[in-house]
Protein chains: 2
Amino acid sequence: MKLSTRGEYGLRAMFDLAQHFGEGPIALRSIAERQDISENYLEQLIASLRRSGLVDSFRGAQGGYTLARAPDNIRIGDIIRVLEGPIAPTDCVSERDAELCDRANTCVARLVWEKLRDSIVEVLDSYTLQDMCNEFQELNKETTN
Amino acid sequence: MKLSTRGEYGLRAMFDLAQHFGEGPIALRSIAERQDISENYLEQLIASLRRSGLVDSFRGAQGGYTLARAPDNIRIGDIIRVLEGPIAPTDCVSERDAELCDRANTCVARLVWEKLRDSIVEVLDSYTLQDMCNEFQELNKETTN
DNA sequence: AATAAAACCGAGCAAAATACTTGGGATTAA
DNA sequence: TTAATCCCAAGTATTTTGCTCGGTTTTATT
């Protein structure tokens with residue numbers, strides 16, 4: 001029941017892009033440094049995010065990445081699905097292409113996993129990058145007091 | 001964000017014991033057969049469950065396992081914690097001994113993972129083996145109609 | 001007392017997943 | 001033209017997973 005570093009790092013990187021939204025392309029290197037993530041590794045993660053349409057990329061000097069949509073239009077769930085695959089505590093209750101086993105029709109455990117999946121989806125999809133930015137503001141307000 | 005087979009199989013085995021609660025010791029072999037789980041592997045899982053006090057064991061001929069408490073007193077979360085470890089989408093929000101990273105005090109991602117953890121805990125701890133038995137009854141009522 | 005049914009135990013191990021690294025090539029602003 | 005930057009495919013060390021194997025110990029039954 002743990003996220004891999006893909007999801008962890010990926011969300012941090014996307015939050016970084018959200019904080020710089022509107023400032024033009026942000027270089028991968030600068031994200032990697034701020035977020036303390038291996039540049040080469042992050043490159044792979046952001047490639048997935050680009051292919052799935054969550055970020056736009058700009059090649060060449062002064063290039064970099066931007067969010068493809070406004071922060072309030074990107075849910076945490078969108079990011080996690082790209083980097084960790086469909087939300088699914090088990091294969092038999094996967095959001096996409098659930099693989100039912102033979103015993104599925106009488107399996108009560110599956111009902112439990114379904115509830116769990118729904119609850120995870122609910123949290124991840126009710127929360128956007130903008131919400132994170134807002135929370136960050138709040139956090140800083142407190143510390144400067 | 002996936003359970004391992006330890007949690008999957010373990011819950012199925014515990015549900016099996018719940019269904020036979022009050023019938024005396026149930027042999028590992030019979031659980032393994034009914035639930036279609038490798039006997040040798042299940043032995044390891046149930047050893048964890050015994051050590052943590054969720055099941056009692058009876059050695060020798062006609063021996064086997066029983067739930068250590070009534071089904072309505074064993075939460076799904078109790079089982080999952082034994083087999084999968086503390087509930088923790090990331091190490092930094094682990095139920096037990098959370099390992100904060102350097103950036104923890106300003107990390108907004110952590111707030112997201114906390115909400116996620118709480119929501120997972122809520123589902124797993126609000127649901128007991130007895131609830132599963134009840135759902136099983138419901139399920140069978142429907143199919144026999 | 002002998003037997004067989006069961007739990008108990010520790011070690012080993014192959015396959016898969018994870019978390020990267022490496023070494024290039026392609027674009028493009030300056 | 002050059003340097004900054006993205007793009008891509010492959011390789012790799014480590015860890016985790018999901019088991020198997022070969023025994024030992026305990027105990028009800030005969």
Side-chain angles (χ1 to χ4, degrees), chain A residues 1-13 17 20 23-33 35-68 80 83-86 88-91 101, chain B residues 1-13 16-17 20 23-33 35-68 80 83-85 88-91 101:
Chain A
M1 287 305 296
K2 224 169 251 173
L3 250 65
S4 73
T5 55
R6 290 178 61 86
E8 276 190 70
Y9 295 173
L11 178 60
R12 299 224 308 261
L17 284 178
H20 295 93
E23 300 177 15
I26 308 295
L28 181 71
R29 164 162 297 161
S30 71
I31 304 174
E33 273 169 9
Q35 298 297 326
D36 199 27
I37 301 171
S38 149
E39 196 182 326
N40 286 317
Y41 188 37
L42 184 55
E43 195 181 306
Q44 289 184 24
L45 308 188
I46 211 159
S48 298
L49 293 164
R50 176 180 50 80
R51 278 183 237 112
S52 69
L54 289 182
V55 306
D56 288 335
S57 69
F58 301 89
R59 304 184 70 167
Q62 312 309 315
Y65 299 91
T66 62
L67 295 183
I80 296 303
L83 295 171
E84 305 265 349
T90 65
D91 285 332
C101 66
Chain B
M1 289 303 295
K2 224 169 252 175
L3 251 65
S4 73
T5 54
R6 291 178 60 85
E8 275 190 70
Y9 295 174
L11 179 58
R12 298 226 308 262
D16 194 285
L17 284 179
H20 295 93
E23 300 177 14
I26 308 296
L28 181 72
R29 165 163 295 160
S30 71
I31 304 174
E33 273 169 9
Q35 298 297 326
D36 200 26
I37 301 171
S38 149
E39 197 181 327
N40 286 318
Y41 188 38
L42 184 55
E43 194 180 305
Q44 289 184 21
L45 308 187
I46 212 159
S48 299
L49 293 164
R50 176 179 51 80
R51 277 183 237 114
S52 70
L54 289 183
V55 305
D56 288 335
S57 69
F58 301 88
R59 303 185 68 167
Q62 310 310 316
Y65 299 91
T66 63
L67 295 182
I80 296 304
L83 295 170
E84 306 265 350
T90 66
D91 285 333
C101 66

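Lettering of chains follows the sequences in order, A, B, ..., and the numbering in each one begins at 1.
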When you measure from the side-chain N and O atoms of [X] to the phosphate of [N], is any distance below 4.0 Å, counting only OP1 and OP2?
X        : N       : result
Ser4(B)  : dG18(D) : yes
Ser57(A) : dC7(D)  : yes
Ser38(B) : dG18(D) : no
Tyr65(A) : dC7(D)  : yes

Could you check how far [atom1] of [X] sits from [atom2] of [N], rounded to whole Å?
X        : N       : atom1 : atom2 : answer
Glu84(A) : dA17(C) : CD    : P     : 14 Å
Asn40(B) : dG12(C) : CG    : P     : 17 Å
Leu42(A) : dT18(C) : CG    : P     : 18 Å
Glu33(B) : dA5(C)  : CD    : P     : 14 Å
Leu83(A) : dT18(C) : CG    : C1'   : 14 Å
Leu45(B) : dC19(D) : CG    : C1'   : 10 Å
Arg50(B) : dT26(D) : CZ    : P     : 13 Å
Ile31(B) : dA6(C)  : CD1   : C1'   : 12 Å

Of all the nucleotides listed ([options]), which has the minimum atom distance to the side chain of [X]?
X        : options                   : answer
Gln62(B) : dC8(C), dT21(C), dT29(D)  : dT29(D)
Tyr9(A)  : dC20(C), dA4(C), dC6(D)   : dC20(C)
Ala61(A) : dG18(D), dA29(C), dA28(D) : dA29(C)

Give a yes or no on whether a donor-acceptor pair under 3.5 Å exists between the nucleobase atoms of [N], that is its base, and the side chain of [X].
X        : N       : answer
Glu43(A) : dC6(D)  : no
Gln44(A) : dT21(C) : yes
Arg59(B) : dT25(D) : yes

**Request:** Could you say whether Arg29(A) or Arg6(B) is positioned toward the 5' end of DNA chain D, judged by the nucleotide with the nearest heavy atom to each?
**Result:**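 Comparing both residues, the 5'-ward one is Arg29(A).
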Side chains of [X] and [Y], heavy atoms from C-beta outward: is any pair under 4.5 Å?
X        : Y        : value
Ser48(A) : Arg6(A)  : yes
Arg12(B) : Ile31(B) : no
Glu84(A) : Ser4(A)  : yes
Thr5(B)  : Tyr41(B) : yes
Met1(A)  : Lys2(B)  : no
Leu83(B) : Glu8(B)  : no

**Prompt:** How is Leu28(B) classified with respect to the nucleic acid when contacts are heavy atoms under 4.0 Å: base, sugar-phosphate, or nothing?
**Reply:**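 Sugar-phosphate contact only - Leu28(B) comes under 4.0 Å of backbone atoms but never of a base.
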**Request:** Remember a base hit wins even if backbone is also touched, and classify Gly63(A) as base, sugar-phosphate or nothing at under 4.0 Å, heavy atoms.
**Result:**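 Sugar-phosphate only.
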